[in-house]
Amino acid sequence: MSRFAEEPGQQLLIYFFDQTRKEIQQMAAALNITLKNPGEHAEMDDLIFCNAFSLNQYLFPGITKVVVMEVHPLHTKNEAIVQHFTNQPKLEIEFHMGFDEAALKPFNSERLSELMVKLGMGENEPIEHSMVSKSLENGLTKLEAKLKNSHQDIRSSQEEWVVANKL
């Protein structure tokens, strides 16, 4: 979180679930970082945070970077964020996730986490490789196809979403 506050430019932090919103607010408070809500007056280096399902209600003309703080278990929800900002081609969009996220449990994320430790990677070390990104994207797409639009739209936490959708 402090890394985002130190980077220049106005950044938009996006979350899907209420639990993640609470965690972002707690981290920001602990680090003495001010978060702005959409629609509030924001300076050039402010962090703005917004629910992904509310993006269409606001304009974000000054942002330089979008940071999605979690992935949604349905690939189309993640893709909707990318599509929302297609008219801003120079805008950087990052998706952040951890192997401990409930959305990754169906992909045997515990085993992947153990592999990362064996490879000597640190707990918060980013994995930035197109093969990994594409693999996760394909997995989420298959998961969504398996659910066939019969999923429960739970927005409180990833864990509750996964349990409600029997994954």
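Numbering of residues begins at 1 and proceeds along the displayed sequence.
Within the 4.5 Å cutoff, no side-chain heavy atoms of Leu47 are placed close to those of Thr34. Side-chain contact between Val68 and His96: absent, with no pair of heavy atoms (C-beta onward) separated by less than 4.5 Å. Taking the side chain as every heavy atom from C-beta outward, Thr64 and Glu92 never approach each other to under 4.5 Å. Between His75 and Glu137 there is a side-chain heavy-atom pair separated by less than 4.5 Å. Contact of the Ile14 side chain with the Met69 side chain is not registered, since no non-hydrogen atoms from C-beta on lie closer than 4.5 Å. In this structure, Val66 and Phe60 have side chains that are not in contact, with every pair of non-hydrogen atoms separated by 4.5 Å or more. With a 4.5 Å cut-off on side-chain heavy atoms, Val71 and Phe16 do not count as touching. Using a 4.5 Å cut-off on side-chain heavy atoms (C-beta onward), Asn37 and Phe49 make contact.
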Output, in order, the C-alpha distance, side-chain angles, deciding distance and verdict of side chain to side chain contact (heavy atoms under 4.5 Å, CB included) for Leu12 and Cys50. CA-CA 7 Å; Leu12 176 63; Cys50 183; 4.0 Å; yes
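Side-chain N/O atoms of Thr20 and Glu70 include a donor and acceptor closer than 3.5 Å. Between the side chains of Thr76 and Glu144, at least one donor-acceptor pair of N or O atoms lies under 3.5 Å.
The cationic group of Arg155 lies under 6.0 Å from the six-membered ring centre of Phe53 and within 45° of the ring axis, placing it in a cation-pi geometry.
Atom CG of Asn32 has 12 or fewer neighbouring heavy atoms from other residues, nucleotides or ligands inside a 6.0 Å radius.
Taking the six-membered ring for Trp and thresholds of 30 and 60 degrees, His72 and Trp161 have ring planes more than 60 degrees apart, a perpendicular arrangement.
Contact between Leu140 and Pro73 at its shortest, heavy atoms only, is CD2-O, 3.4 Å.
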